[in-house]
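First comes the structure, then the notes that go with it.
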Amino acid sequence: MLFGALEAGGTKMVLAIGNENGEILEQTSIPTEDPSVTIPKIITYFKDKKIEALGIGSFGPIDLDKASKTYGYITSTPKLAWANYDIVGNIQKELNIPVGFDTDVNASALGEATWGSTKDVASSIYITIGTGIGVGVYQNGSLLHGMLHPEAGHILLSKHPEDHFEGVCPYHPNCMEGLASGPSIEKRWGKKAYELKDQTEVWEMEAFYIAQGLVSYIFTLSPHRIVLGGGVMHQEQLFPLIRQKVKELINGYVCTSQLNDMDHYIVPASLMDNQGIMGCIQLAKNELQA
Ligand code: ADP
Ligand code: ZN
């Protein structure tokens, strides 16, 4: 059985066809232009592929409330051509198949939970540290939506005493995305993040911020395992630094077998950067069964 997968990003759209085992049979990407240009290309790609359902993991904020009049819309995005745009409706009316819809990070959380490094645990979170920071939350077979959906990349952090950088988030002077995203690293240190590999102070500070976020998620959501993905996490030296800082910040207050085995508690994404698109395949499968 074939499924369509669409990872809708602010700069590019990844389109793929996969089967029920999460195997990607073909994949392509196109730049994200105005919906009037991009949506017809997406429809043309999927139209004759004999897919049973489509899963979309989208940038946001998006409306995930099926009882809402604007369900399936991208809502208040700063990417203005896409603000208040009915992405699900406009695709569904042309393809006439079930369309599953969730945030891009929830799709990645689902991909890892279905086929990747969290498939053996009941609850997990997936955090992307890239152009932005986002968190997907998976618990007992479901993805957390709540009122809107979590925007846990914008939680507020304590500043590092030696950090005089003002952050890159236009909304919050000291949120995690503003202080620890790829663009924040590049603006603070004046170089591309991958060019800073050997500067230990860069990654000490990065781990200081990421660990604060993780400890908040551990205390509030109590996940059985945490997956860290996104471009910045290709700096593998971050993992031991983050694990150590998380231990320090928890300071012995929560004691579980999982936290005693940090190397298997805080782990990298395991699906070769296909966790998002594979999660979209699972969103499609779930929608077909709904
Ligand atoms: P996006 O978040 O746009 O989907 P990515 O997850 O690739 O895409 O994130 C892009 C960000 O990650 C950029 O700010 C970039 O500098 C940073 N980045 C990408 N690759 C690396 C790397 N190898 N090391 C450090 N930072 C990286
Ligand atoms: Zn913010």
Side-chain angles (χ1 to χ4, degrees), residues 5-16 27 29-32 56-62 74 76-79 82 102-109 111-112 126-136 148-159 163 165-207 209-210 212-213 216 227-239 241-242 268-280:
L6 168 62
E7 222 183 342
T11 52
K12 67 173 185 195
M13 300 277 171
V14 180
L15 304 90
Q27 180 167 331
S29 73
I30 57 172
T32 302
I56 305 176
S58 178
F59 72 101
I62 59 179
I74 295 173
S76 56
T77 175
K79 246 183 124 54
W82 292 87
D102 217 309
T103 63
D104 43 10
V105 276
N106 263 352
S108 292
E112 289 287 344
Y126 177 92
I127 305 166
T128 182
I129 313 219
T131 307
I133 298 185
V135 183
L148 174 77
H149 45 73
E151 279 290 351
H154 291 265
I155 59 168
L156 308 181
L157 305 180
S158 301
K159 284 286 284 275
D163 187 12
F165 178 60
E166 68 278 17
V168 296
C169 178
Y171 298 92
H172 317 112
N174 60 327
C175 79
M176 189 172 173
E177 179 168 303
L179 295 171
S181 61
S184 79
I185 297 173
E186 297 179 349
K187 200 159 176 210
R188 179 189 290 109
W189 303 98
K191 278 190 185 168
K192 289 277 167 205
Y194 63 83
E195 293 172 331
L196 294 161
K197 190 169 181 58
D198 299 325
Q199 269 177 256
T200 49
E201 67 275 23
V202 171
W203 308 108
E204 290 279 348
M205 190 177 284
E206 183 67 7
Y209 288 130
I210 294 172
Q212 282 190 57
S216 290
V227 184
L228 290 172
V232 172
M233 292 312 304
H234 289 138
Q235 297 294 323
E236 290 172 7
Q237 72 276 18
L238 274 170
F239 281 90
L241 297 172
I242 292 167
S270 65
L271 298 170
M272 306 199 308
D273 284 337
N274 284 326
Q275 56 274 13
I277 204 78
M278 290 171 75
C280 292

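When a ligand or atom number is given, it counts from 1 through the structure's own listing order. What you see is a predicted model, and the numbers here were worked out from it, not measured in a lab.
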Would you confirm whether [X], through its side chain, and [Y], through its main-chain N or O, come within 3.5 Å as a donor-acceptor pair?
X	Y	value
Ser181	Gly132	no
Asn174	Leu157	yes
Thr77	Lys79	yes
Glu186	Ser184	no
Glu112	Ser270	yes
Arg188	Val202	no
His154	Glu151	no
Gln235	Trp203	no
Thr32	Lys12	yes

Please work out which of [options] has its closest non-hydrogen atom nearest to [atom].
atom	options	answer
atom 11 (C) of ligand 1	Gly130, Gly229, Gly9	Gly130
atom 16 (O) of ligand 1	Lys192, His234, Glu186	Glu186
atom 13 (C) of ligand 1	Ser184, Ala193, Gly182	Gly182

Taking [atom] as the reference point, the nearest protein heavy atom with its distance:
atom	result
atom 1 (P) of ligand 1	Thr131 OG1, 3.4 Å
atom 24 (N) of ligand 1	Gln235 NE2, 2.8 Å
atom 6 (O) of ligand 1	Gly231 N, 2.8 Å

| query | Heavy-atom distance from atom 4 (O) of ligand 1 to the protein below 4.0 Å? | reply | no

| query | Strictly under 4.0 Å, does any heavy atom of Pro183 approach an atom of ligand 1? | reply |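 Yes, that is the case, since the closest heavy atom of the residue is under 4.0 Å from the ligand.
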
| Sub-2.8 Å protein N, O or S atoms surrounding the Zn ion (ligand 2) |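 Less than 2.8 Å away from the Zn ion (ligand 2) sit His154 ND1, Cys169 SG, His172 ND1, Cys175 SG.
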
| task | Consider only side-chain N and O atoms of Asp163 and Tyr209, and report whether a donor and an acceptor are under 3.5 Å apart. | result | yes

| message | Quick check on contacts: which atoms of ligand 1 are under 4.0 angstrom from a heavy atom of Gly230? | response | 6 (O)

